[in-house]
Amino acid sequence: MRKLISSSVALLLVLALSSCSGGAQKPDAGAVGDEAANAGTTAAAPADTRSGAPDTTAVTEELSNDMQENNGVPSINEDFAGGELTAVKRGSAILSIVQDDAAKNGRALFIEGRKESWNGADYKAELFRGNEIEVKGSFRSANKAVRVSVQFNVRGNTTYNMVFAVNTNDSTYTAGSGKYTIPASAERIVVYIESDELKDIYCDEFSVNVCGDYTYYEEAAEALFANTSEYPSLRDTYADLFRIGMAVSPAILSKPQYAELVKAQCSSITAENDMKPEAILDYGTSISDLDKYQEAPAMKFDHLNVELGFARDNGMTVRGHTLVWHSQTPEWLFYKDYDRSGELADRELMLKRMENYIKGMMEWTTANYPGLISAWDVVNEAAADEGGMRKSLWYQTVGEDYIEKAFEYARKYAPEDAKLFYNDYNSYQKKKQEDILTFLRPVAAAGNIDGVGMQSHIGTYMSINEYMLALKKYVEELGVEIHITELDIGADKSDDWEEKQGKYFSRFMKKIIELKNEGVPITSLTLWGISDSLSWKAGDRPLVFRDDLSRKPAFDAMINARAEE
Ligand code: 9MR
């Protein structure tokens, strides 16, 4: 039965078809067995008389490209006998149909010129969206194996999934097959042929057919999300210990599934990018009137209303991230007249700009969202990876005391209820910690710092003991509180990576809880994002929710760590 799914309306359309059938036009149903018996059996379907119903034939034709039509059910059935090339080259591969005595019909698809393992042949497969497909292929190659996979995008992320692989030899053809269900939310769907090795590949027969009833999805369905409403809440679980936060963006908050999860799980948020200088500073206005803006660069704030409004309306606080940083700060800020072809601004001018920038941020947020920003990352990542202070443009223009100055200004303009933080990554590492302590001691002596943010972009390789010792050392040496500001824990590549990562989260959280219960002032813990593929380190799958917001063992570990205190 063919069904049409369009804007969540399903219409019955054309015909009944049995499992993974090759369809009426298939010249040789051959290996399909039982399926061949029903192929081509048609049943009249009611005409679609609904006004506004899409012209499915047109859509089907437009998308089908190389697909044959089987009374509206797409299918790819290649024996290459006709000599017509319908596959599309993948990467640098070169495709042609060649004479090949070893092939059943004396012709084969020849894939040569492969420079990388993913180079090969693509078959566009958009029309198979939401259906289970069976893919069959027969290959010969001097490569040890040939693989057939499906590629598609869901929520903007590309996924690659193997359907089957065959061990190949160069003289005779080896057949293989596999089934795969393509999500209804998939877009840009391609079935492709590749191999780890770079030698040529011959393909004799190749087919993609629908298993069971065919459903036509005119467009990718809204990606399905897990129901998160019954999840235990991190925010509640940790309410008596510290705030729980997540890094968010306006795009995330505009999707109800994410927004609901953040509301349920968090008592704090951090704008992942929107409060950074590059998002705030306004170049056009700054250069439009240098008399006015030379010492006080123009700033724009309207975009902050999404994230700050969300936090306010949902009883959360915000970590203000970040004021003085070498990165995501436009270079023009450091030049006289904001002209990058001219000279760097001098210390005096840069101190004025720094003071005015900090003042501007504090004044706007206090006036519009009083009491909302609980903490400011006043200076971010000032320690160099190679040791000492990072030789950033702040360092070059102002000099070594730029950190002290930043905290001095922040203290001057921050409301009483906002705490001032220094924030850095790898800050648990011994040498880096020494450097950080060296430049923060004078800030602490001046009474201008309240906390150290340990970003904590870590992996399951990190020594939790070393981390905890470093954490305590900041407290002891500087008399500050601690925020874990950007937690994500990269997983390894093993088969049971989720479980291992969960166990690591468990050990990490239990130690944090233990320290807190000993009186170490850990007052906030923020996860740097929500679900794995939205993370800046997506490849390491470092967060506590999967893509569909189902909970990973890491999430349960965070919840359960409290029960096991
Ligand atoms: O997660 C942020 C990512 O979206 C940005 O592209 C990136 C640009 O530098 O910044 C990421 O956030 C960083 C944070 O602001 C400071 N610590 C390191 C974070 C990860 O790079």
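Fair warning: this is a prediction, and the values are worked out from it, not measured in the lab. Just follow the structure's listing: the first ligand is 1, and inside any ligand the first atom is 1.
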Worksheet item: What's the shortest heavy-atom distance between Gly320 and Met275, and which atoms?
Response: CA-SD, 4.0 Å

Worksheet item: From Arg312 CZ over to Tyr369 OH, what is the distance, rounded to the nearest 0.5 angstrom?
Response: 5.0 Å

Fill in: Ligand-side contact atoms (ligand 1) for residue partner His321, heavy atom cut-off under 4.0 Å
14 (C), 15 (O), 16 (C)

Practice prompt. Salt-bridge test for Asp122 and Arg90: reply yes if a basic N is under 4.0 Å from a carboxylate O, no otherwise.
Written response: yes

Practice prompt. Among all protein heavy atoms, pick out the one at the shortest distance from atom 2 (C) of ligand 1; state its residue, atom name and that distance to 0.1 Å.
Written response: Glu272 OE2, 3.4 Å

Worksheet item: Nearest protein heavy-atom contact for atom 17 (N) of ligand 1: which residue, which atom, what distance?
Response: Glu486 OE1, 2.7 Å

Fill in: Asn273 and ligand 1 - part of the residue with a heavy-atom distance under 4.0 Å
side chain

Practice prompt. Would you mind checking which non-hydrogen protein atom is closest to atom 8 (C) of ligand 1, with the distance to 0.1 Å?
Written response: Gln328 OE1, 3.0 Å

Item to complete: Report yes if some N/O of Trp528 lies less than 3.5 Å from some N/O of ligand 1; otherwise report no.
Response: yes

Fill in: Numbered atoms of ligand 1 (with element) below 4.0 Å of Gln455, judged on heavy atoms
16 (C), 17 (N), 18 (C)

Fill in: Test of proximity, Asn380 against ligand 1: N or O pairs below 3.5 Å
no

Item to complete: Give me the ring orientation class for Phe555 and Phe545: parallel if the planes are under 30° apart, tilted from 30 to 60°, perpendicular past 60°.
Response: tilted

Fill in: Check ion pair Lys336-Glu343 (N to O, under 4.0 angstrom)
no

Item to complete: Output, in order, the C-alpha distance, side-chain angles, deciding distance and verdict of side-chain contact (heavy atoms from CB on, under 4.5 Å) for Asp424 and Gln433.
Response: CA-CA 10 Å; Asp424 213 332; Gln433 176 165 45; over 6 Å; no

Discussion item. Counting neighbours of NZ on Lys255 that are heavy atoms of other residues, nucleotides or ligands and sit closer than 6.0 Å, is the number greater than 12?
Written reply: yes

Item to complete: Just jot down the ligand 1 atoms closer than 4.0 angstrom to any heavy atom of Trp325, in number order.
Response: 9 (O), 15 (O), 16 (C)

Worksheet item: Would a 4.5 Å heavy-atom cut-off, applied to side chains only, mark Leu253 and Tyr258 as touching?
Response: no

Item to complete: Looking only at distances, please establish whether an N/O atom of ligand 1 is found under 3.5 Å from an N/O atom of Trp536.
Response: no

Discussion item. Closer than 4.0 Å to some heavy atom of Glu381 - which atoms of ligand 1 meet that?
Written reply: 16 (C), 17 (N), 18 (C)

Fill in: Shortest protein heavy-atom distance from atom 13 (C) of ligand 1, along with the residue and atom involved
Lys276 NZ, 3.9 Å

